[in-house]
Amino acid sequence: MPELPEVEVLRLRLDSLLANKKLVDVDVLKSRVVRPELPKFLKDKIVNCTISKVRRRGKFLWLELKHFQSESAFPLIIHLGMTGRLFIQKNIKSLPKHSAVVFKLNNEYLVFKDPRSFGRVTLDTDCIENLGVDALSSDFTEDALASVIKNTSQSLKARLMNQKKIAGLGNIYSCEVLHKAKISPFIKGSSLCANKLKDLLKAIHVTLHNQVNFGLSLDLDFKGEYKNDGLFYYGTKSTQKNQLQEPFSVYGREGESCRNCESIIMRETQINRSTYFCPECQK
DNA sequence: CGTCATGTTAAGGA
DNA sequence: TTCCTTAACATGAC
């Protein structure tokens, strides 16, 4: 589920559903997902806290918690990893397979499920303190982008995916953004001219905003099924006929033709991931 | 059977 | 020290 637009859509929906609700209990079913602290420590800290706000930076989501007497808030951080999903159930008579953590509220349950267990629930703030600038924040300027992509031996795409430099772009949207800006994923960032740098910044903004709007347009119902379950999921294209499709330009389109120039989209391995690109548009 | 998958990070090398 | 590359984590879809 997990790049910036999907997490942002989830954040907006969760914020309206969870604000001012109280955490009554927590049940950790997959202890691997709660790390590095122990599940008991987590439970002791968060039970009886109230959720004041749901926040996000990059792909990290957190519930801002307050103890009933205390003024200060602290974050309960949730990262979805590759397969994490969050949804709300009225009861827990049947929990989905691979449920990892169940948060009990007064009249409902917030369920975190994660088959691959790459996701994480934690009180340890190291992971958000070391993040780079959020790709949708107003601090993500031309200067910020320039300082991230120059003075390195890494390829431009590797740089875009480095969360310590820019928070929010993953493999899908890094491919998409570079195609939109018509820039090769394999070049060094230092070789980008000023105009191309502007194109790239704009492509990042437009692509991410469009995807957030797309996600908000989906009809989600938080029932915890694979479809319409409260998650903006990139696999939605395989659901109902009247559902909008996520229109990727290059990602997952190896062998298909580029919509700009008709060339065949290629796939190559780069930093252990698949990079999809148009060899004509992105020279 | 084999290959691929939206992500992070510990460990090792330069 | 810092910066970079690789392998590993665990399960499912095709």
Side-chain angles (χ1 to χ4, degrees), chain A residues 1-11 29-36 56-61 77-86 96-100 112-122 124-132 135 147-178 186 188-190 204 207-208 211-212 214-215 218 225-227 229 231-239 245-255 266-276:
Chain A
M1 141 106 189
E3 292 181 44
L4 185 152
E6 294 88 343
V7 180
E8 175 61 7
V9 170
L10 180 62
R11 184 191 72 77
L29 306 169
K30 280 195 185 195
S31 58
R32 165 173 221 284
V33 164
V34 177
R35 59 185 189 272
R56 179 193 64 76
R57 176 148 171 191
K59 308 171 194 173
F60 285 82
L61 188 73
I77 298 166
I78 301 174
H79 192 288
L80 299 165
M82 293 275 250
T83 51
R85 333 184 105 241
L86 274 174
K97 202 176 175 187
H98 298 300
S99 290
F112 177 55
K113 109 170 186 181
D114 186 7
R116 289 173 77 177
S117 305
F118 291 176
R120 194 144 85 102
V121 173
T122 186
D124 188 325
T125 55
D126 280 1
C127 53
I128 53 174
E129 281 161 10
N130 294 323
L131 285 176
S147 74
V148 160
I149 66 178
K150 64 186 186 192
N151 295 330
T152 173
S153 64
Q154 287 186 305
S155 66
L156 179 54
K157 187 186 174 223
R159 231 39 199 172
L160 294 181
M161 299 206 344
N162 185 334
Q163 303 301 300
K164 290 190 172 64
K165 302 294 173 185
I166 305 169
L169 290 174
N171 199 35
I172 292 178
Y173 294 113
S174 296
C175 292
E176 291 295 304
V177 140
L178 287 164
F186 306 103
K188 302 270 188 285
S190 52
I204 293 171
T207 302
L208 296 181
Q211 285 303 113
V212 170
F214 169 79
L218 295 174
E225 303 301 323
Y226 263 95
K227 290 150 193 146
D229 68 346
L231 273 194
F232 170 37
Y233 188 67
Y234 95 103
T236 43
K237 58 185 171 185
S238 66
T239 62
Q245 300 218 340
E246 281 179 289
F248 294 141
S249 299
V250 284
Y251 185 82
R253 298 192 65 236
E254 181 185 19
M266 309 276 288
R267 176 167 69 93
E268 265 180 48
T269 295
Q270 186 178 21
I271 45 168
N272 278 327
R273 316 296 296 268
S274 287
T275 290
Y276 296 87

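The chains referred to below are lettered A, B, ... by the order of the sequence lines, with proteins before strands, and numbering in each begins at 1.
- Two residues are said to be in side-chain contact when any heavy atoms from C-beta on lie closer than 4.5 Å; A:Q270 and A:F186 meet this criterion.
- At whole-Å resolution of the value, CG in A:L80 and C1' in B:dA5 are 16 Å apart.
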Q.
I'd like to compare against my own output: the B/S/- annotation of nucleotides 1-9 of chain C with a strict under-4.0 Å heavy-atom distance to protein.
A. ---SSSB-B
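- Taking A:R56 as the reference, A:E8, A:D134 meet the side-chain hydrogen bond (donor to acceptor under 3.5 Å, both in side chains) condition, with sequence neighbours excluded.
- A search for side-chain hydrogen bond (donor to acceptor under 3.5 Å, both in side chains) contacts involving A:R116 returns nothing, not counting sequence neighbours.
- If you check every strand for non-hydrogen atoms under 4.0 Å, A:R267 touches sugar and phosphate atoms only.
- Within the 4.0 Å cut-off from OP1 or OP2 of B:dG7, at least one side-chain nitrogen or oxygen of A:K59 is found.
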Nucleotide N/O of nucleotides 9-13 of chain B paired with protein N/O under 3.5 Å:
none

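- Counting heavy atoms from C-beta on, the side chains of A:V9 and A:L218 never come closer than 4.5 Å.
- Evaluation of the side-chain hydrogen bond (donor to acceptor under 3.5 Å, both in side chains) rule for A:S99 yields no partner, not counting sequence neighbours.
- Between the P atom of B:dG7 and the CD atom of A:Q163 lies a distance of 8 Å, rounded to the nearest Å.
- With sequence neighbours left out, the side-chain contact (heavy atoms from CB on, under 4.5 Å) criterion links A:R159 to A:V148, A:I149, A:T152, A:Q154, A:N162, A:K165.
- Taking 4.0 angstrom as the limit, A:H98 places none of its side-chain polar atoms (N or O) nearer than this to OP1 or OP2 of C:dA10.
- Nucleotide B:dT6 holds its C1' atom 17 Å from the CD atom of A:E8, rounded to whole Å.
- Judged as a ring-ring contact (aromatic ring centres under 6.0 Å, His included), and not counting sequence neighbours, the contacts of A:F60 are A:H79.
- Pairs of Watson-Crick or G-U wobble type, with distances under 3.5 Å, assemble into runs of 3 or more in DNA chain B at these ranges: B:2-5 with C:11-14, B:7-14 with C:2-9.
- Take A:K157 and apply the side-chain hydrogen bond (donor to acceptor under 3.5 Å, both in side chains) test, not counting sequence neighbours, and it matches A:N171, A:T275.
- Legend: residues meeting side-chain contact (heavy atoms from CB on, under 4.5 Å) with A:T122, ordered by chain and number and at least two apart, are A:P36, A:E37, A:I77, A:R120, A:D124, A:C127.
- Proximity of A:Y276 to the phosphate of B:dC4: no side-chain N or O atom is located under 4.0 Å from OP1 or OP2.
- Across the protein-nucleic acid pair, A:D114 atom CG and B:dA5 atom C1' stand 13 Å apart, rounded to whole Å.
- Between A:S117 and C:dT11 there is no side-chain N or O to OP1 or OP2 distance below 4.0 Å.
- We find that CD of A:E3 is positioned 13 Å from C1' of B:dT8, with the value rounded to whole Å.
- Rounded to whole Å, the P atom of B:dT3 lies 16 Å from the corresponding atom of C:dA7.
- Dashed line: the shortest gap from a side-chain N or O of A:R273 to OP1 or OP2 of B:dA5 is not under 4.0 Å.
- We find that CD1 of A:I172 is positioned 11 Å from C1' of B:dG7, with the value rounded to whole Å.
- Residue A:K157 contributes atom NZ, which lies 11 Å from atom C1' of B:dT6 at whole-angstrom precision.
- No engagement by A:K30 is indicated, since no non-hydrogen atom pair under 4.0 Å with the nucleic acid exists.
- For the OP1/OP2 pair of B:dT6 and a distance below 4.0 Å, the side-chain nitrogens and oxygens of A:Y251 include at least one atom meeting the criterion.
- Using a distance-only test at 3.5 Å, with no hydrogens or angles considered, a donor-acceptor pair links the side chain of A:K30 to the main chain of A:D114.
- Summarising the geometry, the separation between OH on A:Y173 and C1' on B:dG7 is reported as 15 Å, rounded to the nearest angstrom.
- Counting heavy atoms from C-beta outward, A:R273 and A:M161 have side chains that approach closer than 4.5 Å.
- Taking A:E268 as the reference, nothing meets the salt bridge (Lys or Arg N to Asp or Glu O under 4.0 Å) condition, with sequence neighbours excluded.
- Straight-line distance between the P atoms of B:dA11 and C:dA10: roughly 15 Å, to the nearest whole Å.
- Side-chain contact between A:Y173 and A:E6 is present, with heavy atoms from C-beta onward closer than 4.5 Å.
- Considering only side-chain N and O atoms, A:H79 lies under 4.0 angstrom from the phosphate OP1 or OP2 of B:dT8.
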